[in-house]
Amino acid sequence: MAVQVEIWTDINCPFCYLGKRRFEQALDGFEHRDDVRVVHRSFELDPTLPADHTGPVVAHIAEKYGISEAQAAANERGIGAQAEAVGLPYQVSGRDFGNSFDMHRLLHYALAHGAQEELLDALYRGNFAEDAPLFGDRERLVRLAVEAGLDETDVRAVLADPEAYADAVRADEREAARLGANGVPFFVFDRRYGVSGAQPPEVFAQALERAWSDQAPVLEVVGGADACGPDGCALPER
């Protein structure tokens, strides 16, 4: 038996960063973790952003939610505290945001080459843990992809061709809409159970156990006839 877990995420999303770690904590304690296949799916928080659009996160959050930049900065510090609680580094100031479509295209290329997990970790690190802008810096994106084990020439070729893996990204986004996902992270277990948000590890552990146990065949037993067991055989009545 095996369980497939699909995770819809966006590189802009700090709760996707946290949710991945919390899910991994649950997976580490799961008895059948070697039989769990994880696939990361694409979800753009704002697919309408121009390809070259980028800007500071704090100002963006303040404008989007109609709060002050001081409040937005406080929110970032709060997320940073949550990240620290699960052992993740988090830059609480100076981060940027932007169009993530090329990153999603590269993640599909990485999936085809067995390095999707490594690339996603590199992108999260580049966005949330390192003190340097990520969005709008193609050379830094290439470096992160190469650090994740991908071929530089192939990475540059994917980025140079706007149609490469674009259909795969759009297909993921359509599927997210069909499944009712209107935010990320969104976890789907064997296309039967969904978990929305960066839940505690205990919630993911329960979902893993349920998905695994529900794969076991259900045996309906019809009894009542003569049979033998540990205590012997039933004797026919005379």
Side-chain angles (χ1 to χ4, degrees), residues 1-43 45 78-90 103-104 106-129 144 147-150 168-169 171-173 175-221:
M1 297 197 307
V3 170
Q4 177 169 278
V5 182
E6 297 164 277
I7 310 174
W8 273 262
T9 57
D10 186 37
I11 310 306
N12 282 291
C13 170
F15 293 110
C16 295
Y17 180 49
L18 293 175
K20 184 176 188 294
R21 171 57 61 89
R22 291 172 180 170
F23 170 75
E24 288 169 346
Q25 289 176 330
L27 186 60
D28 285 345
F30 183 54
E31 180 182 0
H32 309 288
R33 61 185 177 275
D34 292 338
D35 296 306
V36 176
R37 178 174 182 259
V38 178
V39 179
H40 297 280
R41 302 293 188 194
S42 299
F43 188 107
L45 287 177
I79 297 172
Q82 292 187 55
E84 183 179 3
V86 292
L88 290 174
Y90 191 91
M103 298 177 191
H104 287 295
L106 280 180
L107 283 166
H108 276 280
Y109 159 74
L111 175 63
H113 291 79
Q116 189 186 50
E117 194 80 25
E118 292 80 1
L119 178 58
L120 184 58
D121 284 339
L123 293 174
Y124 280 152
R125 184 181 72 248
N127 187 30
F128 296 109
L144 289 172
E147 289 173 13
L150 297 170
V169 175
D172 277 358
E173 294 175 336
E175 187 66 4
R178 188 187 72 81
L179 293 171
N182 53 19
V184 285
F186 189 74
F187 301 76
V188 176
F189 296 75
D190 275 345
R191 288 296 172 103
R192 301 178 72 179
Y193 310 112
V195 175
S196 179
Q199 298 284 351
E202 294 79 12
V203 174
F204 293 122
Q206 291 168 6
L208 286 166
E209 291 288 353
R210 185 177 181 186
W212 180 267
S213 62
D214 283 0
Q215 283 193 338
V218 177
L219 183 65
E220 183 177 345
V221 178

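Not measured: the values here are computed from a predicted model. Keep in mind that the numbers below use all heavy atoms, side chains included, and drop hydrogens, waters and symmetry copies.
Between Pro201 and Ala26, the shortest heavy-atom contact is O-CB, 3.3 Å. Minimum interatomic distance between Leu45 and Val184 (heavy atoms only, all atoms of both residues): CD2-CG2, 3.7 Å. Between Tyr90 and Pro14, the closest heavy-atom pair is OH-CB, 3.6 Å.
Between Val5 and Leu208 there is a side-chain heavy-atom pair separated by less than 4.5 Å. Within the 4.5 Å cutoff, no side-chain heavy atoms of Ile7 are placed close to those of Val39. Contact check for Val38 versus Gln116: no side-chain heavy atoms found under the 4.5 Å cut-off. The shortest distance between side-chain heavy atoms of Val169 and Leu107 does not fall below 4.5 Å. Here the side chains of Gln25 and Val86 are in contact, with some heavy-atom distance below 4.5 Å. Side-chain contact between Trp8 and Ser42 is absent, with no heavy-atom pair separated by less than 4.5 Å. Using a 4.5 Å cut-off on side-chain heavy atoms (C-beta onward), Glu147 and Leu144 make contact. The shortest distance between side-chain heavy atoms of Pro185 and Phe43 does not fall below 4.5 Å.
Rounded to the nearest 0.5 angstrom, Met103 CE and Asn12 CG are separated by 7.0 Å. Of the inter-residue distances, the one linking Leu123 atom CG with His40 atom NE2 reads 11.0 Å to the nearest 0.5 angstrom. Here CZ of Arg37 is found 5.0 Å from CD of Gln4. Values are rounded to the nearest 0.5 Å. The distance from the CG atom of Asp190 to the CZ atom of Arg210 is 12.0 Å, given to the nearest 0.5 Å. Atom SG of residue Cys16 and atom CZ of residue Phe23 lie 13.5 Å apart, to the nearest 0.5 angstrom. Separation of atoms CD (Gln82) and CD1 (Ile79) is listed at 7.0 Å; rounding is to 0.5 Å.
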Inset, instruction - Tell me, with the steps shown, if His104 and Asp172 meet side chain to side chain donor-acceptor pair (under 3.5 Å). - result: CA-CA 10 Å; His104 287 295; Asp172 277 358; over 6 Å; no

Inset, instruction - Could you go through the side-chain contact (heavy atoms from CB on, under 4.5 Å) check for Val195 and Val188 one step at a time? - result: CA-CA 6 Å; Val195 175; Val188 176; over 6 Å; no

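For Gln199, there are no side chain to side chain donor-acceptor pair (under 3.5 Å) partners, not counting sequence neighbours. Judged as a side chain to side chain contact (heavy atoms under 4.5 Å, CB included), and not counting sequence neighbours, the contacts of Ala168 are His108. By the side chain to side chain donor-acceptor pair (under 3.5 Å) test, Glu6 is found to be paired with Arg41, Arg191, residues two or more places apart in sequence or in another chain being considered. Legend: residues meeting ring-ring contact (aromatic ring centres under 6.0 Å, His included) with Phe189, ordered by chain and number and at least two apart, are absent. Residues forming a side chain to side chain contact (heavy atoms under 4.5 Å, CB included) with Ala129 (at least two apart in sequence, or on another chain): Tyr17, Pro89, Arg125.
The six-membered or imidazole ring of Phe204 lies near that of Phe187, with a centre-to-centre distance under 6.0 Å.
Glu202 and Arg22 are not joined by a salt bridge, as no carboxylate oxygen comes within less than 4.0 angstrom of a charged side-chain nitrogen.
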N/O donor to acceptor pairs below 3.5 angstrom from side-chain atoms of residues 27-36, sequence neighbours left out:
unit_1, atom_1, unit_2, atom_2, d
His32, NE2, Trp212, NE1, 3.1
Arg33, NH1, Asp28, O, 3.4
Arg33, NH1, Phe30, O, 3.4

